[in-house]
2 protein chains.
Amino acid sequence: MPTIKDVAKLAEVSVATVSRVMNNNGYVNQNTRQRVEEAIKQLNYRPNDVARSLFKGKSKMIALFVPDIMNPFFPQLARAVEDTANKYGYLFVLCNTDNDNEKEIAYLNALLQKTIDGIILVSNTIQVDQINDINVPIIALDRKINSNIISVTVNNREGASQAVRYLKETGCKRIAHIAGPKDVSSAKQRLEGYLDEVQSEEWFTTDYIRYGNYTVKEAYQATEELLSQHPEIDGIFAANDLMGVSVLKAAKNLGFDIPNQLSVIGYDGMELSDITSPTLTTMAQPIYDIGKRAVEILIEKIENSDKEVESEQYQVQLSVKESTHERREVDE
Amino acid sequence: MPTIKDVAKLAEVSVATVSRVMNNNGYVNQNTRQRVEEAIKQLNYRPNDVARSLFKGKSKMIALFVPDIMNPFFPQLARAVEDTANKYGYLFVLCNTDNDNEKEIAYLNALLQKTIDGIILVSNTIQVDQINDINVPIIALDRKINSNIISVTVNNREGASQAVRYLKETGCKRIAHIAGPKDVSSAKQRLEGYLDEVQSEEWFTTDYIRYGNYTVKEAYQATEELLSQHPEIDGIFAANDLMGVSVLKAAKNLGFDIPNQLSVIGYDGMELSDITSPTLTTMAQPIYDIGKRAVEILIEKIENSDKEVESEQYQVQLSVKESTHERREVDE
DNA sequence: CTGTAATATGTAACCGGTTACACACATAAT
DNA sequence: ATTATGTGTGTAACCGGTTACATATTACAG
């Protein structure tokens, strides 16, 4: 690998001049510039980013913490972050934390040693005091951490309410909820949104709430139990698509006819919801958009640290597919 | 952030001694070592990896190139690579290439400027001469690039043959294939494996081969056309699970009874194959294992560049689920 | 008691860039 | 003619580590 010295020698100038040419910085004579550019081309020279980083104290790298990229919600988010980071000249580092605080801290330290420029966190396990004293910009994505940490999220509560309202509109009279983990804010908010719509209904009972913990397996079991004990249920709102798919499957295996006898709606708007049969009606989150936006805000903070940026919240959108429909025939 | 100088000052030694303590390198008096360690602790000092990298010419980072992390095959692979990289003290960089050679080259250059220590490529678009002169260890994963580049793959051809043999064993008499892209080696090999088993059958016609290009949508269409034109087909081997799921869906929509009338087998062994109904029988690849192994080999090459390492090939394993079964009643 | 090896530590060069500063020269303003 | 300003370039310090080399002291063998 040629260094800046090699270029300087070939172009018969000092390294400072080469640096000026590369960075379009300070005065350089037109002839000199040409000589340097030719030398750069001739040697196929590329500046060493490590040396640059050392001097600047910036690495042009940002990291994304996610619980587990194998959860199909995160690839899209990761993709958005990577694309956007690249667009601004940043390298993207993916960190799977498994919701394990120790792993988070280990990553945090490793990244700080590499002078990472900024971090995007999808976390419900990080402690506020663990990131408060860090002088690297941090943004919470998908899940809020606390009010001091800027976040980009979607309005889960409202989205959940919308989902339940839609089920009502299509004629559902007994709507249950397969909830996510109790310690994940998005899951809590979706549960709240559900409750907002059903709590005052005379048919409502807390027994209509079952925990699937955002997993395929647990949601399947939860649904089996729910529907065996409550065959009167005619609508289920699953807190994410992964569980929605399980609901579909469990219900079908119990002989329920979807959507004629039972409507199912998920949450997230993942591709997954298109490959089942029937396809799964869902509340689509602007996943790519929030990932992209988080990076934009983060980079704004990185490159313009005095500028005050603010948290943003996005809306979900109803995406009607085959697992729900207008059910005129059930009119009581 | 404290530097090595701050530690040296506090411990009343030179920076060289601090460095020796940190790296367990050279002679250090027991008392001195203690003083230094206390100073490190007191200042919560962490060495700057950038400075280290600059001197050593190594970054302790490895990259993984994949076409698109949103394709559900890759998260597991990425996870394996990340876990294993971490285990050996390397940071993991994920690069989505979209099978776009320009993106690959752009990433390659960016990474070389960051003195990346090694690269794992899942690619069918990279040109051999584009990586031949690079003096950074490179390993091909999942797809071979050429015989000079060490690779970790699975035996796709044999796995495909096994899949077709299994369909035969369960009684299928007319077996079709939904193939992957013509320019992807794994897809080509799976097609070959299919042909190995059916080419000499008197019922075989090339019209039983349709291209789904590893995508949900195209596989759906291909299956619809195939089954409409050839209702006699009683077994379909899809070149990956993503397409297998589409086959399932298209066949069901056409009124085929699976598995009684039509058996379907996929390839990959993704979680996806468990959430459909019926669940999808598949040839499970040791995805995590090959990802892990690729990193191990790569790191061996990085840390011990003279050692000769060799390509490795793994076997797939039949994972029987609900989309196939012994069909005694169809005995002719 | 002397020579050699092991222990202990500091100084400074080095990795490959960036940039403050000095200096030279040309041009424009007074 | 003198001074201020703009242009062009090189020298060297700096970023924060690592390590070759020099030097000093101690331990031990002959």
Side-chain angles (χ1 to χ4, degrees), chain A residues 1-37 39-40 43-61 89 109-117 135-136, chain B residues 1-37 39-40 43-61 89 109-117 135-136:
Chain A
M1 277 264 160
T3 72
I4 197 171
K5 278 184 198 163
D6 302 317
V7 176
K9 201 170 288 172
L10 183 59
E12 295 178 301
V13 295
S14 73
V15 294
T17 300
V18 178
S19 180
R20 288 192 192 101
V21 170
M22 288 193 303
N23 300 294
N24 247 316
N25 216 328
Y27 295 112
V28 180
N29 182 283
Q30 201 43 243
N31 292 329
T32 313
R33 158 164 280 125
Q34 219 156 40
R35 281 215 317 285
V36 171
E37 277 166 354
I40 288 176
L43 296 172
N44 191 24
Y45 166 73
R46 310 222 162 249
N48 182 322
D49 269 343
V50 177
R52 229 174 221 181
S53 291
L54 177 56
F55 185 85
K56 299 255 190 182
K58 302 250 165 177
S59 60
K60 284 270 176 182
M61 298 195 300
N109 286 327
L111 294 169
L112 290 175
Q113 289 188 235
K114 289 220 181 320
T115 62
I116 195 90
D117 289 348
N135 67 336
V136 166
Chain B
M1 275 262 163
T3 71
I4 197 170
K5 279 184 198 163
D6 301 319
V7 176
K9 201 170 289 172
L10 183 59
E12 295 177 302
V13 294
S14 73
V15 294
T17 301
V18 178
S19 179
R20 289 192 192 101
V21 169
M22 287 193 305
N23 299 295
N24 247 317
N25 215 327
Y27 295 111
V28 180
N29 182 284
Q30 201 42 244
N31 293 329
T32 313
R33 157 163 279 126
Q34 220 157 41
R35 280 214 318 284
V36 171
E37 277 166 354
I40 288 176
L43 295 173
N44 191 27
Y45 165 73
R46 311 222 163 248
N48 181 323
D49 270 342
V50 177
R52 227 174 222 181
S53 291
L54 178 57
F55 185 86
K56 298 256 190 180
K58 303 248 165 179
S59 60
K60 283 271 176 182
M61 298 195 301
N109 285 327
L111 293 168
L112 290 174
Q113 288 187 235
K114 288 221 180 325
T115 63
I116 194 89
D117 289 349
N135 67 337
V136 166

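In what follows, every chain begins at residue 1, and chains take the letters A, B, ... in the order their sequences are listed. Because the structure is a prediction, the values reported are computed rather than measured. Only this structure's heavy atoms are used, side chains among them; waters, hydrogens and symmetry mates stay out.
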**Request:** For B/Thr3, report the nucleic acid contact type (base, sugar-phosphate, nothing); a contact means any heavy atom under 4.0 Å.
**Result:** sugar-phosphate
**Phosphate OP1/OP2 of C/dA8 contacted by B/Tyr27 side-chain N/O (<4.0 Å)** = no
**Request:** May I ask you to test the A/Lys114-A/Leu111 pair for a side-chain heavy-atom distance under 4.5 Å?
**Result:** no
**Item:** Integer-rounded Å distance: D/dT19 P and B/Met22 CE
**Value:** 10 Å
**Item:** Intermediate values then yes/no, side chain to side chain contact (heavy atoms under 4.5 Å, CB included), A/Asn48 and A/Thr3
**Value:** CA-CA 8 Å; A/Asn48 182 322; A/Thr3 72; over 6 Å; no
**Prompt:** Distance check: side-chain N/O of B/Lys56 vs OP1/OP2 of D/dT19, anything under 4.0 Å?
**Reply:** yes
Shorter than 3.5 Å, N or O on both sides, protein versus nucleotides 10-12 of chain C: list them out with atom names.
| residue | atom | partner | partner atom | Å |
| --- | --- | --- | --- | --- |
| C/dG10 | OP2 | B/Ser14 | N | 2.8 |
| C/dG10 | OP2 | B/Ser14 | OG | 3.0 |
| C/dG10 | OP2 | B/Thr17 | OG1 | 2.8 |
| C/dG10 | N7 | B/Arg20 | NH2 | 3.4 |
| C/dG10 | O6 | B/Arg20 | NH2 | 2.4 |

**Asked** Would you call A/Asp117 and A/Lys58 a salt bridge, taking side-chain N to carboxylate O under 4.0 Å as the test?
**Response** no
**Asked** Phosphate oxygens OP1/OP2 of D/dG17: is one of them under 4.0 Å from a side-chain N or O of B/Asn48?
**Response** no
**Asked** For the pair made of CZ in A/Arg35 and C1' in D/dG8, what is the distance, rounded to whole Å?
**Response** 12 Å
**Complete:** note: B/Arg33, atom CZ; C/dT9, atom C1'; distance rounded to Å ~ 13 Å
**Prompt:** What is the distance, rounded to the nearest whole Å, between atom CG of B/Leu54 and atom P of C/dG17?
**Reply:** 9 Å
**Request:** Write down the distance between CZ (B/Phe55) and P (C/dC15), rounded to a whole number of angstrom.
**Result:** 8 Å
**Item:** Interatomic distance where CG belongs to A/Asn29 and P belongs to D/dG6 [whole Å]
**Value:** 18 Å
**Complete:** Atom CZ of B/Arg46 and atom C1' of D/dG17 are separated, to the nearest Å, by 16 Å
**Request:** May I have the distance from B/Ile4 (atom CD1) to D/dG17 (atom C1'), rounded to whole angstrom?
**Result:** 6 Å
**Message:** Using a 3.5 Å distance criterion without hydrogens, assess whether the side chain of B/Arg20 forms a donor-acceptor pair with backbone atoms of B/Asn25.
**Reply:** no
**Asked** Sub-3.5 Å donor-acceptor pair from the side chain of A/Ser59 to the main-chain atoms of A/Ser53, do we have one?
**Response** no
**Fill in**
Closest to the 5' end of DNA chain C, once A/Ser19 and B/Val28 are matched to their nearest nucleotides, is B/Val28
**Prompt:** Going by distance alone, is a donor N or O of one side chain under 3.5 Å from an acceptor N or O of the other, for B/Arg33 and B/Asn24?
**Reply:** yes
**Request:** Remember a base hit wins even if backbone is also touched, and classify B/Ser53 as base, sugar-phosphate or nothing at under 4.0 Å, heavy atoms.
**Result:** nothing
**Request:** Look at all strands and tell whether A/Asn25 reaches a base, only sugar-phosphate, or nothing, counting heavy atoms closer than 4.0 Å.
**Result:** sugar-phosphate
**Prompt:** When we call it a touch if two heavy atoms are under 4.0 Å apart, what does A/Asn23 touch: a base, just sugar-phosphate, or nothing?
**Reply:** sugar-phosphate
**Request:** Taking B/Asn23 for its side chain and B/Ser19 for its backbone only, find out whether a donor-acceptor pair lies under 3.5 Å.
**Result:** yes
